[in-house]
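Chain naming here is simple, since letters A, B, ... match the order of the sequence lines and numbering starts at 1 in each.
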2 protein chains.
Amino acid sequence: MSSGETSYRERKVISIGTVSELTGLSVRQIRYYEERKLVLPHRTNKGTRKYSFTDVERLMEIANHREDGVQTAEILKEMRKKEQRELNKAGLKKQMLRGQINAQFQRGRP
Amino acid sequence: MSSGETSYRERKVISIGTVSELTGLSVRQIRYYEERKLVLPHRTNKGTRKYSFTDVERLMEIANHREDGVQTAEILKEMRKKEQRELNKAGLKKQMLRGQINAQFQRGRP
DNA sequence: CGTGTAAGGAATTCTGACACG
DNA sequence: CGTGTAAGGAATTCTGACACG
């Protein structure tokens with residue numbers, strides 16, 4: 001709604017080999033987590049996967065959960081819940097901001 | 001001095017093909033600018049180049065200068081001057097901060 | 001000086017599959 | 001279920017060199 005330019009954190013520019021080094025996961029594991037919908041890399045014209053730093057962080061979280069023996073289906077559910085909580089939080093902030101702006105108008109001080 | 005973790009902006013994780021797409025420069029051009037010391041990518045064990053977003057921005061600046069017919073040697077000088085100015089600025093900030101902290105101590109309110 | 005291109009080789013990535021468990 | 005691996009092919013990257021200007 002404001003910038004237009006995606007931030008560095010979310011730009012999908014990292015290839016799978018680099019992601020493997022960054023996360024310590026094998027290329028096979030990274031592809032498998034995509035199959036299970038845990039990460040959604042961008043695909044270039046020629047079909048190669050590109051990841052963002054956000055994806056890398058997400059993969060590290062997944063790695064931690066897997067180490068604890070959590071199955072991919074569970075991890076997926078957890079992450080979806082978490083995202084929902086974050087959306088709510090963002091929505092709440094927006095509401096409060098709107099409230100403040102309205103209050104300003106009421107007092108006749110735009 | 002504080003974090004230890006490099007920020008996303010400076011992490012060298014982007015390969016040359018992607019940089020080419022991001023900047024609109026040819027791979028040949030990007031390699032040539034390295035030869036002329038205008039950009040300094042990281043080299044992996046196997047010798048492939050990895051760039052940061054900062055490098056990408058720098059390359060776009062280079063592209064602009066080249067469009068204006070500026071030679072690489074000139075661009076290099078300009079960029080070095082600019083960096084020097086930025087280091088000075090950072091140094092000045094640090095000095096001022098130190099001054100403020102000292103002032104607090106003088107008043108006996110640490 | 002700055003950039004394109006063909007050359008030959010090494011390393012990457014992709015998919016679908018079999019293996020183990 | 002989650003991961004390794006060999007298979008075959010396509011695309012990437014690297015270097016040194018010749019070309020043009």
Open item on the list: Can you confirm whether A:Phe53 sits close enough to B:Val13 that some side-chain heavy atom of one is under 4.5 Å from a side-chain heavy atom of the other?
Closed with: yes
TODO: Could you check whether A:Arg31 gets within reach of a base, just the sugar-phosphate, or nothing at all, counting any heavy atom under 4.0 Å?
DONE: base
Task: Same apolar cluster: A:Leu22 and A:Leu40, side chain cutoff 4.5 Å - done: no
- [ ] For the residue pair A:Pro41 and A:Glu34, establish whether any side-chain heavy-atom pair is separated by less than 4.5 Å.
- [x] yes
Task: A:Arg49 vs C:dT12: side-chain N/O to OP1/OP2 distance below 4.0 Å - done: no
Open item on the list: Just N and O in the side chain of A:Ser26: are any of them under 4.0 Å from OP1 or OP2 of D:dG4?
Closed with: yes
- [ ] Would you kindly compare B:Lys46 and A:Glu35 by the position of their nearest DNA chain D nucleotide and give the one closer to the 5′ end?
- [x] A:Glu35
Task: Whole-Å distance separating the CD1 atom of A:Ile30 from the P atom of C:dT12 - done: 14 Å
TODO: Would you indicate, yes or no, if D:dT12 has its OP1 or OP2 atom less than 4.0 angstrom from a side-chain nitrogen or oxygen of A:Thr48?
DONE: no
- [ ] Check whether any side-chain heavy atom of A:Met60 lies under 4.5 Å from a side-chain heavy atom of A:Val56, and answer yes or no.
- [x] yes
Open item on the list: Does C:dT12 have its OP1 or OP2 closer than 4.0 Å to a side-chain nitrogen or oxygen of A:Ser15?
Closed with: no
- [ ] Identify, between B:Tyr33 and A:Gly17, the residue whose nearest nucleotide on DNA chain C lies closer to the 5' end.
- [x] B:Tyr33
- [ ] For D:dT3, take OP1 and OP2 only and decide whether either is under 4.0 Å from a side-chain N or O of A:Tyr32.
- [x] no
